[in-house]
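Remember, it's a predicted structure, so these values are computed and weren't measured experimentally. Numbering of ligands and ligand atoms starts at 1, following listing order.
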Amino acid sequence: MLKINNLHKSYKMGDSSLHVLKGIDLHVDKGEMVAIMGSSGSGKSTLLNIIGILDELDSGEYTLDDIEIKDLTEKKAAQYRNKFLGFVFQSFNLINFKNALENVALPLYYQGQKRKERQEKAMFHLEKVGLSDWSTHLPNELSGGQKQRVAIARALAAEPKLLLADEPTGALDSATSHEIMQFLQQLNDEGKTILIVTHEEDISLMCKRIVRLKDGVIMEDKKIKQNRL
Ligand code: ADP
Ligand code: MG
């Protein structure tokens with residue numbers, strides 16, 4: 001589903017430049033659940049942002065679902081993002097003045113779906129994350145774990161083929177982190193392909209494969225027996 005070959009990425013910093021990703025090779029098949037591990041600054045988010053078509057690579061090849069991701073117009077990039085990808089972030093990124101249901105429905109609005117259809121689908125996905133009773137609540141009335149569930153429901157609403165999560169448990173206590181990971185495991189059991197960036201060992205052990213980044217290079221890439229709670 002995802003193939004990256006010899007990917008390089010640098011950031012320009014005035015006159016100098018910072019070489020962040022130095023020849024990444026990564027292939028991910030449908031149904032995998034992969035942890036991208038590494039210490040802060042190792043290039044995890046940069047890699048995930050390129051995979052998410054939020055940022056561009058400098059050189060190398062990236063194909064997603066057999067489509068080459070290269071020199072896309074902003075419009076095409078947005079189309080592919082909407083069609084293939086769901087995003088979950090550490091800081092939830094919910095819209096504060098919209099309730100849980102409206103937050104989940106938002107990507108469907110951008111897909112041009114009708115109001116009734118949006119509401120129904122959003123409710124279905126809120127139910128799936130166990131929050132149907134919280135649909136009219138605003139983000140600031142929800143706990144961290146509940147906010148992340150809403151964010152996951154929003155990411156799933158558009159039925160993406162690939163779910164990308166950047167430190168999804170980074171702002172949560174460890175019990176809530178494990179709950180969120182259990183839920184992601186359940187989604188993966190149902191067939192969803194998931195990539196999770198984390199710097200936490202226990203979180204990575206709940207995935208099926210660990211890719212370890214160090215200074216922009218993959219140091220290790222191994223399948224593991226997934227920890228289940
Ligand atoms: P991680 O997610 O593993 O902590 P990042 O991918 O965010 O690492 O960052 C890798 C390196 O690239 C860091 O040194 C960071 O400061 C730098 N970096 C990230 N984004 C940018 C940017 N937009 N401009 C310049 N430097 C950046
Ligand atoms: Mg990061």
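Salt bridge Glu179/Arg149: present, at least one basic N to carboxylate O contact under 4.0 Å.
Here the heavy atom of the protein found nearest to atom 27 (C) of ligand 1 is Tyr11 CD1, 3.2 Å. The closest protein non-hydrogen atom to atom 1 (P) of ligand 1 is Gly41 N, 3.5 Å.
Checking atom 8 (O) of ligand 1 against the protein gives a heavy-atom contact under 4.0 Å. For atom 15 (C) of ligand 1, no protein non-hydrogen atom is found at a distance below 4.0 Å.
Residue contacts with ligand 1, taken as heavy atom pairs separated by less than 4.0 Å, involve Thr46 via backbone and side-chain atoms alike. Under 4.0 angstrom from ligand 1, the non-hydrogen atoms of Met13 all belong to its side chain.
Between Trp134 and His137, the ring planes are tilted. Angles from 30° to 60° get that label.
Here the side chain of Asn188 pairs no donor or acceptor atom with the backbone of Leu184 at under 3.5 angstrom. Using modelled atom types, no side-chain atom of Gln148 and backbone atom of Ser177 make a donor-acceptor pair closer than 3.5 Å.
For the atom pair CD (Glu120) and CG (Leu101), the distance works out to 11.0 Å, reported to the nearest 0.5 Å. Distance check, rounded to the nearest 0.5 Å: OH of Tyr110 to CG of Asn82 gives 10.0 Å. Atom CG of Leu126 sits about 14.5 Å away from atom NZ of Lys121, to the nearest 0.5 Å.
Between Asp221 and the options Arg212, Arg209, His27, a side chain to side chain donor-acceptor pair (under 3.5 Å) holds for only Arg209. With Ile4 as the fixed residue, the side-chain contact (heavy atoms from CB on, under 4.5 Å) test singles out one of Ile51, Leu21, Thr63: Ile51. Screening Thr46, Asp58, Ile24 for a side-chain contact (heavy atoms from CB on, under 4.5 Å) with Leu7, the sole residue that qualifies is Ile24.
Within the structure, the closest approach of Glu167 to ligand 1 does not fall below 4.0 Å when heavy atoms are considered. Under a 4.0 angstrom heavy-atom cut-off, Gly38 registers as lying outside contact with ligand 1.
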Apply salt bridge (Lys or Arg N to Asp or Glu O under 4.0 Å) to Asp65 and Lys83, showing your working.
CA-CA 11 Å; Asp65 220 41; Lys83 198 163 151 204; over 6 Å; no

Asp55 vs Lys9, test: side-chain contact (heavy atoms from CB on, under 4.5 Å). Steps then yes/no.
CA-CA 10 Å; Asp55 202 351; Lys9 174 74 180 177; 3.2 Å; yes

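Taking every heavy atom of Leu18 and a limit of under 4.0 angstrom, the matching atoms of ligand 1 come to 12 (O), 14 (O), 17 (C). Of all atoms in ligand 1, numbered sequentially from 1 with element shown, those under 4.0 Å from a heavy atom of Ser39 are 3 (O). Contact atoms of ligand 1 toward Val20: 10 (C), 11 (C), 12 (O) (distance under 4.0 Å to a heavy atom of the residue).
Within the protein, the number of N/O/S atoms found under 2.8 Å from the Mg ion (ligand 2) is 1.
One option in His19, Lys9, Lys44 has a heavy atom closer to atom 3 (O) of ligand 1 than any other, and that option is Lys44.
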